[in-house]
Visitor: 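Before anything else, here's the structure in question.
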Amino acid sequence: MSDTEHRDWPLRAALLAVAGAAVALALHVLLNGKTEWQVTEDSGRLALAAFLAVGGVAYAFVVERDRQRLSLSFALVSAAIVAAVIYWNGTGSWDATDGWRVACALLTVAIAAPLFQAWRDASGHAAGQRSLSDRIPYIAAHNHAWTNVVLWCAACVFVGITWGLAELLAALFDLIGIHNLSLLLRKAWFGKMLTGAAFGGAVGLLRDRERVLGTLQRVVTIVLSVLAPVLAAGLLAFLVALPFTGLVPLWQATKSTTPILVSCVIGALLLSNSVIADRPEDESPRRALRWAAMGLGLAMLPLGVIAAVSTGLRINQYGLTPDRLWAVVFTGIACAYGLAYLVQLVRARAGWSAPVRAANLKLAVGLCGVAFVLSTPLVAFGALSTRDQVARLASGRTAPDKFDWTALRYDFGPSGKAAVERLVKSGATPAIRAAAATALKSESRWSARQDVDQQQRSDTLEKYLTILPKPVPLPAGLRQRIAAFESCNAEHRCVLLYVPGAHEATLAGSAADIGPTAQLEEGAGNWGETRYQAQSAEVRKRESDARLADANLRAAAIARGDVEVREVKRRQIFIGGQPAGEPFE
């Protein structure tokens with residue numbers, strides 16, 4: 001029996017389509033919140049949904065008719081890894097570490113899948129062999145990795161085409177007054193089932209047509225290999241220019257230096273491997289492409305080192321954060337790949353393809369293990385970052401008004417929130433305790449950032465506010481209300497007309513571009529703008545009725561021609577004899 005016949009399974013497409021629809025329906029039930037389109041916040045249901053989704057996709061990608069138990073075992077382990085991470089993260093707003101943990105768990109499954117497929121296929125032919133290349137043949141692993149990527153993209157395209165066809169048919173039947181299909185497509189449960197069935201069916205159909213997948217894979221690698229000289233020329237020109245420009249412009253141009261450089265390393269890795277392929281006979285015969293692949297291999301390590309230096313400078317300047325620690329991990333992986341490629345390039349020169357393929361297999365196994373460890377709670381980037389940032393705050397290296405309280409409260413995990421709670425009570429200075437209290441009272445990271453900025457503007461109000469006719473202490477409520485005006489700050493000074501004990505004040509910019517004058521009044525102990533004063537529902541209804549009556553009166557007056565022009569007196573601020581802001585009553 002040939003290998004193609006061995007893998008052929010006519011019922012696979014139908015079985016995977018039914019399974020996909022069933023899993024999608026289960027996901028709909030598990031993920032449903034209070035409404036049909038709202039997602040639940042129950043961590044147990046989220047974890048079970050992740051288990052079903054990841055397990056279903058993994059099983060569809062690796063299952064073979066004669067190795068179903070082994071394939072099912074891999075799918076269950078993969079699903080358990082991702083589901084456990086989702087459950088550990090709990091409910092509510094995830095911090096920066098939680099998202100990356102899920103990404104690492106998914107990366108673990110994505111890397112492990114082709115390694116498992118290659119090992120499974122070779123397990124019956126490599127008895128007694130102990131080397132990694134014998135147990136996991138590189139050719140098979142490389143082929144499965146590219147095939148899985150192509151299969152995923154093709155299945156997603158098929159889902160899109162299926163939806164387009166369904167919408168077209170629904171529109172067609174709508175023309176004759178039959179709206180059943182349109183109504184079904186608007187149902188969340190039906191939409192999920194259609195997506196799941198289309199995805200599962202597409203995977204099954206394509207996996208039964210390996211020649212089609214192989215052709216798609218070769219087309220993708222050929223297209224990518226053609227781009228290798230372009231990227232190689234650009235990266236090498238960048239590295240040659242660095243001695244003349246220096247590294248300083250890298251830090252001044254953007255804060256995204258590390259992500260850009262790491263992305264270049266990933267691009268170099270993909271394009272160089274598209275040229276060298278998985279075996280010598282499949283390697284590109286064009287000399288320009290082979291030299292381009294060598295150039296990409298040469299550029300990877302310098303780019304990774306520069307990215308690591310960039311990350312180190314940011315940490316030294318601003319301290320540890322979960323994102324920066326993840327950047328350390330990514331730059332370390334980039335440097336590892338760059339070093340491996342450079343070593344093989346120096347050793348073998350033009351014959352570097354074969355040793356690089358062996359290095360790729362070892363690096364993939366290592367990366368899979370690292371990603372798995374990073375997906376677990378064993379790596380506490382939030383706790384490390386919290387200790388470092390609080391120490392910088394306590395030592396004075398970071399001023400309270402420059403400290404990122406929002407990040408500590410929401411992005412550093414439970415340890416960050418606990419640190420904010422401690423600083424409310426035991427902060428070294430009143431400014432620290434006040435800023436921590438403001439961050440702790442916030443309901444979201446967006447409102448927290450806005451509240452902290454407003455509190456900082458309130459604390460430094462005298463730096464950008466001129467009080468007339470003479471400087472006097474301001475009530476706390478008035479200070480907070482003025483601080484809420486983002487147009488009044490250190491760059492744009494404002495003028496306040498206020499006398500002690502008054503229940504109204506007038507705020508204006510010192511220049512015409514600051515905006516209109518704001519008339520502030522005190523009511524029920526709070527200060528607010530007159531035109532935006534909060535009102536009860538009863539008052540709002542009376543005003544709405546009054547506006548409607550006024551509109552009717554005006555319409556009647558216009559109809560009988562009772563329209564005239566009168567002089568109206570208004571108050572307005574004058575600075576240096578010149579009007580400032582808009583007139584007001």
Visitor: Not counting sequence neighbours, which residues clear side-chain hydrogen bond (donor to acceptor under 3.5 Å, both in side chains) with Ser274? List them please.
Guide: none
Visitor: What verdict does the side chain to side chain contact (heavy atoms under 4.5 Å, CB included) test give for Phe51 and Leu76, after you've listed the backbone C-alpha separation in whole Å, the side-chain angles of each residue and the deciding distance to 0.1 Å?
Guide: CA-CA 8 Å; Phe51 183 90; Leu76 291 176; 3.8 Å; yes
Visitor: Kindly indicate whether the side chain of Trp119, heavy atoms from C-beta on, has any atom under 4.5 Å from the side chain of Leu70.
Guide: yes
Visitor: Give me the atom names and distance for the closest heavy-atom approach of Leu363 to Ala340.
Guide: CD1-CB, 3.9 Å
Visitor: Does the Ser310 side chain pair with the main chain of Ile306, one donor and one acceptor, at a distance under 3.5 Å?
Guide: no
Visitor: Check this for me: Arg286, atom CZ, are more than 12 non-hydrogen atoms of other residues, nucleotides or ligands nearer than 6.0 Å?
Guide: no
Visitor: Hey, could you give me the OH/OG distance between Tyr337 and Ser272, rounded to the nearest 0.5 Å?
Guide: 10.5 Å
Visitor: Counting N and O atoms only, with roles assigned by atom type, does the side chain of Asp388 sit under 3.5 Å from a partner on the main chain of Leu320, one being a donor and the other an acceptor?
Guide: yes
Visitor: Determine which pairs satisfy side-chain hydrogen bond (donor to acceptor under 3.5 Å, both in side chains) with at least one residue from residues 374-387, sequence neighbours left out, and list them in order.
Guide: Thr386-Ser415
Visitor: Can you give me the closest heavy-atom contact between Leu231 and Cys264, atom names plus distance?
Guide: CD2-O, 4.5 Å
Visitor: Below 4.0 angstrom, N of the basic side chain to O of the carboxylate: do Arg12 and Glu64 qualify?
Guide: yes
Visitor: Just how far is it from atom CG of Leu115 to atom OH of Tyr138, taken to the nearest 0.5 Å?
Guide: 11.0 Å
Visitor: Just so I know, are the side chains of Leu107 and Leu374 near enough to count as touching, which here means a heavy-atom distance under 4.5 Å?
Guide: no
Visitor: Quick check: closest heavy atoms across Arg357 and Pro280, and the distance to 0.1 Å?
Guide: NH2-N, 3.7 Å
Visitor: Quick one: does any side-chain atom of Gln389 pair with a main-chain N or O of Tyr318 as donor and acceptor, under 3.5 Å?
Guide: yes
Visitor: Looking at Arg290 and Val275, would you say the former's side chain and the latter's main chain have a donor-acceptor pair under 3.5 Å?
Guide: no
Visitor: Within this structure, what is the CG-NZ distance for the pair Leu440 and Lys417, rounded to the nearest 0.5 Å?
Guide: 7.0 Å
Visitor: Which atom names give the shortest non-hydrogen contact between Ala118 and Ala140, and what distance separates them?
Guide: CB-CB, 3.8 Å
Visitor: Please report the C-alpha distance between Phe116 and Ser73 in whole Å, then the side-chain angles of each, then the deciding distance to 0.1 Å, and finally whether the side chain to side chain contact (heavy atoms under 4.5 Å, CB included) criterion is met.
Guide: CA-CA 11 Å; Phe116 164 77; Ser73 299; over 6 Å; no
Visitor: Does any N or O in the side chain of Gln68 come within less than 3.5 Å of the main-chain N or O of Arg65, such that one atom is a donor and the other an acceptor?
Guide: yes
Visitor: With rounding to the nearest 0.5 angstrom, report the OG1 to CH2 distance, Thr195 to Trp163.
Guide: 5.5 Å
Visitor: Grab the two heavy atoms, one from Ser225 and one from Leu289, that are nearest each other, plus how far apart they are.
Guide: O-CD2, 3.2 Å
Visitor: Less than 4.5 Å apart, side chain to side chain, heavy atoms only: is that true for Tyr341 and Leu301?
Guide: no
Visitor: Using atom types as modelled and distance alone, determine if a side-chain donor or acceptor of Arg324 lies under 3.5 Å from a backbone N or O of Thr311.
Guide: no
Visitor: May I ask you to decide if Gly312's main-chain N or O and Asn316's side chain share a donor-acceptor pair within less than 3.5 Å?
Guide: no
Visitor: Could you measure the distance from the OG1 atom of Thr108 to the CD1 atom of Ile81? Nearest 0.5 Å is fine.
Guide: 6.0 Å
Visitor: Indicate yes or no: at least one non-hydrogen side-chain atom of Val365 is less than 4.5 angstrom from one of Lys362.
Guide: no
Visitor: Under 3.5 Å, is there a donor-acceptor pair linking the side chains of Ser71 and Arg120?
Guide: yes
Visitor: Quick one: CG on Asn143 to CG on Asn148, what's the gap to the nearest 0.5 Å?
Guide: 9.0 Å
Visitor: If you define the side chain from C-beta out and look only at heavy atoms, does anything of Asp278 sit under 4.5 Å from Trp146?
Guide: no
Visitor: Side chain to side chain contact (heavy atoms under 4.5 Å, CB included) for Val102 and Leu106? Distances and angles first, verdict last.
Guide: CA-CA 6 Å; Val102 176; Leu106 295 174; 4.2 Å; yes
Visitor: Whether the side chain of Arg207 engages the backbone of Val63 through a donor-acceptor N/O pair (distance < 3.5 Å, no angle test) should be reported.
Guide: yes
Visitor: Mind listing the closest non-hydrogen atom pair of Ala299 and Leu235 along with its distance?
Guide: CB-CB, 4.1 Å
Visitor: Between Trp405 and Leu393, is any pair of side-chain heavy atoms under 4.5 Å apart?
Guide: yes
Visitor: Would you check, one step at a time, whether the test side chain to side chain contact (heavy atoms under 4.5 Å, CB included) holds for Gln117 with Phe74?
Guide: CA-CA 10 Å; Gln117 289 169 292; Phe74 172 81; over 6 Å; no
Visitor: Side chain of Arg45, backbone of Val29: donor and acceptor closer than 3.5 Å?
Guide: yes
Visitor: Would a 4.5 Å heavy-atom cut-off, applied to side chains only, mark Val220 and Leu224 as touching?
Guide: yes
Visitor: If you define the side chain from C-beta out and look only at heavy atoms, does anything of Leu52 sit under 4.5 Å from Leu30?
Guide: yes
